[in-house]
Amino acid sequence: MADISLTFPDGASRSYPAGITPAEVAADISKSLAKKAISATVDGQHFDLQWPIGHNADIALNTMADDAPALELIRHDLAHVMARAVQELWPDVKVTIGPVISNGWYYDFDRAEPFTPEDLGAIEKKMREIINLRDPVRTEVWERDRAIAHYRAADEPYKVELIEGIPGDQPLRMYWHGHWQDLCRGPHLQTTGQLPADAFKLMSVAGAYWRGDSNRAMLQRIYGVGFRNRDDLKAHLTMLEEAAKRDHRRLGREMDLFHMQEEAPGQVFWHPNGWKIYTTLQDYMRRQQQQGGYVEVNTPQVVDRKLWEASGHWEKYQDNMFIVEVDEEHAREKAINALKPMNCPCHVQIFNQGLKSYRELPLRMAEFGSCNRYEPSGALHGIMRVRGFTQDDAHIFCTEDQIESETKKFIDFLAAIYADLGFPEFKVKFSDRPKTRAGADDVWDKAESALMQATEAAGYDFTLNPGEGAFYGPKLEFVLTDAIGRDWQCGTLQVDFVLPERLDATYIGSDGAKHRPVMLHRAVLGSFERFIGILIEEHAGRLPFWLAPRQVVVASIVSEADEYVTEVVAALQKAGVRAEADLRNEKINYKVREHSLGKVPVILAIGAREVGERTVSVRRLGDTRTDSAGFDEIVAQLAAEAAPPDLR
RNA sequence: GCCGCACUAGCUCAGCUGGUAGAGCAUCGCAUUCGUAAUGCGGAGGUCAGGGGUUCGAAUCCCUUGUGCGGCACCA
């Protein structure tokens with residue numbers, strides 16, 4: 001066989017017979033490397049030690065010291081070991097797929113009985129036993145027919161279906177972890193003995209549809225996390241505990257911001273503290289919109305189905321709308337209405353009043369639109385995913401030529417607001433045409449290219465989300481991440497050539513003829529509910545001073561200070577600071593603890609000394625030090641801090 | 001919506017295999033005037049999510065409805 005040349009990371013090259021495996025290369029270099037190696041990187045591809053190398057290539061041998069390959073292999077092999085453990089414990093369980101995900105892996109099984117928490121413990125135990133067997137990992141390439149026949153004989157229908165879905169010319173790779181066999185593209189470790197038996201944990205079991213299709217079988221998915229060593233695992237589990245403390249549902253209760261109850265599932269009862277955040281944010285957004293050239297409107301909640309039929313929403317989203325039927329006792333004819341699930345059709349109605357000139361475009365029409373959607377019960381999540389919410393919604397009516405400049409303008413607008421609100425980083429996703437959609441393909445071509453060009457012109461990278469666009473047009477999504485790493489879409493920008501057509505929106509062009517405007521649907525926060533949920537989690541409840549619902553508590557140390565405390569509170573309130581007095585007959589320790597737990601950013605403690613000096617003792621949240629400040633000084637300072645970022 | 005799990009005082013939670021409900025914190029009362037993360041004592045507070053069943057007897061077992069939680073699917 002011809003020789004090939006392999007180039008190592010240090011630049012050195014060696015000649016080997018073609019078809020040599022990385023394992024053999026490692027053995028050629030040293031015995032210890034042969035033992036320590038876990039995989040190779042060949043021309044940038046993660047490569048199994050057993051795979052033959054057929055041509056000249058760059059090669060690096062990986063060990064457990066190499067982060068990315070090590071973690072990928074640990075998690076991938078653990079997925080296989082878990083599936084083997086499950087089938088050893090319950091031989092009738094059918095296996096499906098088990099990919100690596102962030103921090104771990106999952107594997108989907110078909111089993112009649114549900115897996116219990118006790119089962120997870122038994123599986124973990126069996127996994128450790130398997131790891132301790134130090135079984136070799138072996139791989140072979142199989143012919144397709146042989147693989148199908150094998151899985152038919154083994155009564156593994158999901159594997160048969162997987163293979164049938166793989167293009168015929170693609171080789172099928174089998175892996176054995178000891179006696180246990182799985183179809184897998186690899187790569188894998190040399191032996192299960194290379195797995196850390198004390199650095200993984202099975203986390204949960206959950207339902208998951210086969211191939212993500214809600215019409216198909218519901219499988220049982222077991223999630224696991226795996227790391228290189230026990231300390232990393234412990235650090236991960238600690239991080240999860242810390243993240244749970246930031247959960248907006250928990251902080252919402254602890255800070256007395258809002259509650260929800262079963263008589264109104266998916267809808268928020270805002271308490272005074274939470275509503276203060278909401279209105280402060282809304283006031284800020286209203287000022288931003290005025291600066292950004294928007295006009296603000298307000299439209300009806302209960303709207304006849306005829307409008308939703310005209311817009312096309314009735315056909316597609318009827319099941320997700322709150323239907324309001326007017327009783328025949330109240331009306332001559334029974335009318336079917338829906339609570340508005342979005343604002344766009346109503347905004348077009350405003351646009352359609354009177355003739356619009358091209359001189360009025362772009363017309364940016366904003367509404368803090370209160371919407372209701374009957375979201376599936378399983379989708380509800382705290383105040384992040386609700387059935388009643390308010391969007392910072394706007395529709396920009398413009399010409400095709402204005403799409404690019406309006407898009408760029410909007411992205412800049414959004415980025416500045418996110419920065420003000422403490423989110424300098426966000427993800428951008430571009431979603432193109434979905435399978436079911438309105439409008440002709442050439443219109444979609446136009447919309448997609450206009451939006452993409454504008455995004456690039458604005459200087460933002462985006463990831464493509466194929467087929468995820470709205471039914472009327474492509475969209476950009478601006479995504480923020482919550483405390484436990486879940487992504488939430490907040491801002492959006494959607495190009496729409498369809499709705500103006502359906503609702504017959506027109507303007508008079510410079511040529512004196514009627515033309516269709518384009519609509520850009522856009523939101524920055526998305527919904528106030530979701531955005532506030534993310535704000536709470538991002539700051540772990542310790543909101544920036546200007547957004548904090550309770551900014552200052554002035555606490556007396558002795559009752560002789562009460563009068564002066566009241567005077568300080570009044571002065572702060574007059575200066576626009578949300579201040580309150582705590583005159584209760586309690587120790588200062590007690591008050592400091594309580595208000596600290598309540599995430600009040602500033603506590604001013606006042607005892608006999610402060611009364612005498614007309615000063616205050618200042619304690620900032622998260623800081624155990626205290627400072628002394630004069631009366632006028634602290635009022636001026638806190639008033640300045642209380643100003644929203646756009647008014648500083 | 002689907003799969004699984006859960007629901008006990010305002011909150012966090014205990015209550016073994018069925019024998020008739022408990023703690024801490026919060027609340028209320030009394031005492032305490034205290035220097036930066038819990039002052040002491042006392043009182044009150046629950047149709048054990050709702051409904052149905054099994055049983056001499058159900059917080060506990062079964063069915064059902066609701067809501068929540070973790071995923072999946074969905075997200076105009």
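Side chains included, hydrogens not; waters and symmetry mates left out as well; all remaining heavy atoms used. Protein chains get the first letters and strands the later ones, always in sequence-line order, with residue 1 at the start of each.
In this structure a side-chain-to-backbone donor-acceptor pair under 3.5 Å is missing from A/S556 to A/S559.
If you take CZ of A/R584 and P of B/A38, they are 14 Å apart, rounded to a whole angstrom. In this structure, CD of A/Q489 is placed 8 Å from C1' of B/C75, rounded to the nearest angstrom. With rounding to whole Å, A/Y107 atom OH is found 23 Å from B/C3 atom P. In this structure, NE2 of A/H248 is placed 12 Å from P of B/G68, rounded to the nearest angstrom. Going from atom CD of A/Q261 over to atom P of B/G50 covers 16 Å, rounded to whole Å. Following rounding to the nearest Å, A/L202 (CG) and B/C5 (P) show an atom-to-atom distance of 17 Å.
The partner of B/G45 cannot be assigned: no Watson-Crick or G-U wobble pair with both contacts below 3.5 Å exists in any strand. Partner assigned to B/C72 is B/G1, using Watson-Crick or G-U wobble distances below 3.5 angstrom. Searching all strands for a Watson-Crick or G-U wobble partner of B/A26 with both distances below 3.5 Å returns nothing. Of the nucleotides present, none pairs with B/A58 by Watson-Crick or G-U wobble criteria with both distances under 3.5 Å. Using Watson-Crick or G-U wobble geometry with both donor-acceptor distances under 3.5 Å, B/U20 finds no partner in any strand shown. With a cut-off of 3.5 Å on both Watson-Crick or G-U wobble distances, the partner of B/U33 is given as none. Pairing partner, B/A38: none, since no Watson-Crick or wobble contact has both distances short of 3.5 Å.
Nucleic acid contact class of A/A555 (heavy atoms, under 4.0 Å, all strands): none. Across all strands shown, A/P114 has heavy atoms under 4.0 Å from sugar-phosphate atoms exclusively, and none from any base. Contact annotation for A/Y472: backbone-only contact, meaning every heavy-atom pair under 4.0 Å involves sugar-phosphate atoms and none involves a base. Residue-level contact check: A/E315 touches neither bases nor backbone, having no heavy atom under 4.0 Å from any strand. A/Y106 comes within contact range of no nucleotide atom at all, as no heavy-atom separation falls under 4.0 Å. Counting non-hydrogen atoms under 4.0 angstrom, A/G382 reaches the backbone sugars and phosphates but no base. Within the 4.0 angstrom heavy-atom criterion, base atoms lie near A/A605. When heavy atoms are screened at a 4.0 angstrom cut-off, A/E586 is found touching base atoms of the nucleic acid. Counting any heavy atom pair closer than 4.0 Å across all strands shown, A/A208 reaches sugar-phosphate atoms only and no base atom.
Taking the six-membered ring where tryptophan is involved, the planes of A/W275 and A/W270 are tilted, since the angle between them lies from 30° to 60°.
Both cation-pi conditions hold for A/R75 and A/F227: the charged atom is under 6.0 angstrom from the six-membered ring centre and inside a 45 degree cone around its axis.
The local environment of CZ in A/R625 is sparse, with at most 12 non-hydrogen atoms from other residues, nucleotides or ligands closer than 6.0 Å. Remark: A/E613 CD is packed, more than 12 non-hydrogen atoms of other residues, nucleotides or ligands lying under 6.0 Å away.
With sequence neighbours excluded, no residue forms a salt bridge (charged side-chain N to carboxylate O under 4.0 Å, His left out) with A/R578.
At least one side-chain nitrogen or oxygen of A/R253 sits closer than 4.0 Å to the OP1 or OP2 atom of B/U12. A sub-4.0 Å separation between OP1 or OP2 of B/A76 and a side-chain N or O of A/K475 is present. Distances shown here put every side-chain N or O of A/H259 at or beyond 4.0 Å from the OP1 or OP2 atom of B/G10. Side-chain N/O atoms of A/S377 include one lying less than 4.0 angstrom from OP1 or OP2 on B/G1. Distances shown here put a side-chain N or O of A/N589 below 4.0 Å from the OP1 or OP2 atom of B/A37. Side-chain nitrogen and oxygen atoms of A/R385 include none within less than 4.0 Å of the OP1 or OP2 phosphate oxygen of B/C75.
Within 3.5 Å, a donor on the side chain of A/R619 pairs with an acceptor on the base of B/A37, or the reverse.
B/A76 and B/U8 have their P atoms separated by 35 Å, given to the nearest Å. On the P atoms, B/G43 is 11 Å away from B/A23, given to the nearest whole Å.
Between A/I603 and A/T116, it is A/T116 whose nearest contact on RNA chain B lies nearer the 5' terminus. Toward the 5' end of RNA chain B, the nearer of the two residues A/G212 and A/N320, judged by each one's closest nucleotide, is A/G212.
A distance cut-off of 5.5 Å between ring centres, combined with a plane angle under 30°, leaves A/Y590 outside any stacking arrangement with the base of B/A37.
Salt-bridge check for A/R516 with A/D504: passed, with a basic side-chain N closer than 4.0 Å to an acidic carboxylate O.
Proximity of the aromatic rings of A/H395 and A/F351 is defined here by a centroid distance below 6.0 angstrom, and this criterion is not met.
Of the listed nucleotides (B/U33, B/A37, B/C34), B/C34 has the atom at the smallest distance from the side chain of A/I557.
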